[in-house]
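For clarity, every value in this text was computed on a predicted model and none was experimentally measured. Convention: sequence-line order gives letters A, B, ...; per-chain numbering from 1.
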There are 2 protein chains.
Amino acid sequence: MTKSEQTRSLIVDTALRLFAERGYDKTTMRAIATEAGLSVGNAYYYFGSKEHLIQGFYDRIQELHFAACAEILATETDFETRMRRMLLAWVDIAEPYRAFGAQFFRNAADPASPLSPFSVESTEVRNRHIALHSTVLNESTAKVDGELREVLPELMWLYHMTVVLYWVHDRSPHSATTRMLISRTTPLIARLVGLSRLKVFRTITRDGVQLFRDLGWFPSPPKPE
Amino acid sequence: MTKSEQTRSLIVDTALRLFAERGYDKTTMRAIATEAGLSVGNAYYYFGSKEHLIQGFYDRIQELHFAACAEILATETDFETRMRRMLLAWVDIAEPYRAFGAQFFRNAADPASPLSPFSVESTEVRNRHIALHSTVLNESTAKVDGELREVLPELMWLYHMTVVLYWVHDRSPHSATTRMLISRTTPLIARLVGLSRLKVFRTITRDGVQLFRDLGWFPSPPKPE
DNA sequence: GCCTGATTTTGAACATGTTCAACGTCTCGT
DNA sequence: ACGAGACGTTGAACATGTTCAAAATCAGGC
């Protein structure tokens with residue numbers, strides 16, 4: 001690890017600690033710089049803005065989530081169970097950050113922000129996450145309509161994002177309500193996915209998949225600066 | 001209209017004009033105050049923050065949208081057509097604000113913000129909007145499963161919010177992609193709603209509706225200050 | 001008309017994210 | 001070892017949302 005990488009880590013560590021202690025808004029760039037033992041300007045040399053520090057939060061969560069999923073996905077084969085446990089694991093991991101996690105999504109919802117899950121800058125993280133959903137699906141025993149199968153991981157990711165949106169609004173202890181949402185929607189989804197092969201559904205499934213394809217991703221993701 | 005109301009209107013008018021001219025971020029509170037012919041502090045006497053000015057934007061859009069829908073809903077009886085035209089009317093009306101509309105949703109996504117469509121402060125606007133969706137449904141010829149019918153307007157509103165989320169990311173000319181999304185999802189939804197009465201669907205519909213009810217609205221909406 | 005309290009208005013001061021010109025340090029070819 | 005250019009660092013200055021004590025204005029009672 002180079003000196004420069006060390007400094008980056010140091011800044012992210014300090015920032016996340018302070019965010020956890022006082023919340024995002026209450027943590028000033030001056031405080032972060034001071035705590036990390038460098039000047040304000042120097043922090044800006046490494047991170048273009050305060051928002052960019054949040055990327056460290058995302059990366060950390062994703063890393064922990066992937067590790068937690070490895071166990072689950074190695075032993076479980078039922079589609080619904082895999083998906084449910086994968087999502088619940090995410091909630092477990094994100095739990096400590098919930099208090100100030102909401103602050104982050106203010107930026108995430110801004111299409112112009114590089115932190116938006118739909119942004120070009122997030123492509124790599126997003127694709128890695130979609131790949132995780134692929135694994136959940138492909139190594140399961142689920143029987144899925146052929147056409148749907150191809151886009152299903154992306155749809156599952158969108159479903160995950162919806163759960164996250166719900167989660168940031170969730171004030172219940174231990175994110176209980178979000179957990180309920182997950183435990184009760186995954187069976188519904190699994191059933192719908194199963195039904196996708198029925199004749200009555202065939203045409204509607206096909207139309208839906210075709211529309212999703214025609215839209216590509218989001219209409220025209222923000223250009224990289 | 002009292003003097004005080006006039007001043008409020010004046011501020012909102014000035015702000016919206018400047019937002020449209022230069023965008024949200026580029027418009028400073030100082031500029032708004034100067035243009036409106038008052039002091040910065042005075043603007044803060046009427047609006048708690050810059051964000052609060054955005055409420056004026058929402059109100060204006062809703063008013064125009066309701067007016068536009070009146071015509072449509074008076075003549076058309078087909079459910080899918082009513083819903084589609086209602087949504088397309090929204091896009092028409094919001095079009096001029098699209099360039100900076102995205103900025104607004106940064107706040108809307110923050111659960112702590114009174115501007116969030118899910119917030120307690122937005123209850124009235126939200127209910128009025130849900131009532132509009134009720135009208136779209138109830139005065140149409142659509143045949144819907146009884147249980148589903150009760151919650152469908154709320155679900156339609158959530159669908160509308162999803163379209164709006166898509167719209168803020170849309171960079172295509174004349175919001176063409178969003179329009180395509182609308183024109184092609186409404187038939188799917190209408191078909192699904194129709195299918196809701198089929199036997200295969202009955203149980204899944206019932207479970208979905210029950211879950212929606214159990215969740216209440218969002219888990220625990222932010223308390224009013 | 002004048003007093004009193006409420007309402008409204010002011011602008012300077014403050015907090016904080018961000019920029020930038022200047023300066024230091026490190027690397028590497030000669 | 002030296003010079004040059006790249007890389008890293010600094011802190012003061014800037015921009016802008018927000019606050020607040022003071023002043024101005026207004027409304028109503030006498």
Side-chain angles (χ1 to χ4, degrees), chain A residues 1-19 21-57 100 103-110 112-115 121 225, chain B residues 1-19 21-57 100 103-108 110 112-115 225:
Chain A
M1 184 149 78
T2 71
K3 175 78 189 316
S4 156
E5 283 168 341
Q6 272 184 345
T7 310
R8 283 185 72 92
S9 294
L10 173 63
I11 297 173
V12 171
D13 285 349
T14 311
L16 285 190
R17 182 167 58 77
L18 292 181
F19 288 164
E21 282 173 20
R22 343 175 168 172
Y24 181 74
D25 281 341
K26 294 274 178 63
T27 305
T28 70
M29 288 301 284
R30 284 165 180 80
I32 295 170
T34 305
E35 282 282 312
L38 29 80
S39 70
V40 196
N42 204 5
Y44 275 91
Y45 180 77
Y46 288 98
F47 295 90
S49 74
K50 191 179 175 186
E51 285 189 17
H52 279 77
L53 288 169
I54 300 175
Q55 193 65 49
F57 164 74
F100 62 108
Q103 295 279 0
F104 296 168
F105 287 84
R106 165 198 292 256
N107 307 303
D110 181 354
S113 167
L115 293 174
E121 288 86 347
E225 324 158 8
Chain B
M1 184 149 81
T2 70
K3 175 77 191 315
S4 157
E5 282 169 341
Q6 271 185 347
T7 310
R8 282 185 71 91
S9 293
L10 172 63
I11 296 173
V12 171
D13 284 350
T14 311
L16 285 190
R17 181 166 59 78
L18 292 181
F19 288 164
E21 280 173 23
R22 344 175 166 171
Y24 181 74
D25 281 342
K26 294 275 177 61
T27 305
T28 69
M29 288 301 284
R30 285 166 181 78
I32 295 170
T34 305
E35 281 282 312
L38 29 79
S39 69
V40 197
N42 204 5
Y44 276 91
Y45 180 78
Y46 288 98
F47 295 90
S49 74
K50 192 179 175 186
E51 284 189 17
H52 279 78
L53 287 168
I54 301 175
Q55 192 64 51
F57 163 75
F100 61 107
Q103 296 280 0
F104 296 168
F105 287 84
R106 166 197 292 255
N107 308 302
D110 181 354
S113 167
L115 294 173
E225 328 157 3

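Between the P atom of D:dG8 and the CD atom of A:Glu5 lies a distance of 11 Å, rounded to the nearest Å. To the nearest angstrom, P of D:dT9 lies 7 Å from CG of A:Leu38.
Atom CZ of B:Phe47 and atom CD1 of B:Ile11 lie 5.5 Å apart (nearest 0.5 Å). In this structure, A:Arg8 CZ and A:Leu10 CG are separated by 12.0 Å, a value rounded to the nearest 0.5 Å. Note that the CZ atom of B:Arg22 and the OG1 atom of B:Thr28 stand 7.0 Å from one another [nearest 0.5 Å]. Residue A:Ser4 holds its OG atom at 7.5 Å from OH of A:Tyr45, rounded to the nearest 0.5 Å.
Between D:dT10 and A:Tyr44, no contact under 4.0 Å exists linking OP1 or OP2 to a side-chain N or O. A:Asn42 has no side-chain polar atom (N or O) that falls below the 4.0 Å cut-off from OP1 or OP2 of D:dG8.
Using a 4.0 Å heavy-atom criterion, one finds that A:Ser49 contacts the sugar-phosphate atoms exclusively. Across all strands shown, A:Ser39 has heavy atoms under 4.0 Å from base atoms, whether or not it also approaches the sugar-phosphate. A:Phe47 comes within contact range of no nucleotide atom at all, as no heavy-atom separation falls under 4.0 Å.
DNA chain C is contacted by both A:Thr28 and A:Gly41; A:Thr28 maps to the nucleotide lying nearer its 5′ end (nearest heavy atom per residue). For the pair A:Arg30 and A:Gly37, both in contact range of DNA chain D, the more 5′-proximal nearest nucleotide belongs to A:Gly37.
B:Arg30 contributes no side-chain N or O that, together with a main-chain N or O of B:Val40, makes up a donor-acceptor pair within less than 3.5 Å.
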For this session: List the steps and the verdict of side-chain contact (heavy atoms from CB on, under 4.5 Å) for B:Ile54 and B:Tyr24.
Result: CA-CA 10 Å; B:Ile54 301 175; B:Tyr24 181 74; 3.8 Å; yes
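The nucleotide range of DNA chain C contacted by chain B, defined by atoms under 4.0 angstrom from heavy atoms of the protein and reported 5' to 3', is C:dT7 to C:dA13.
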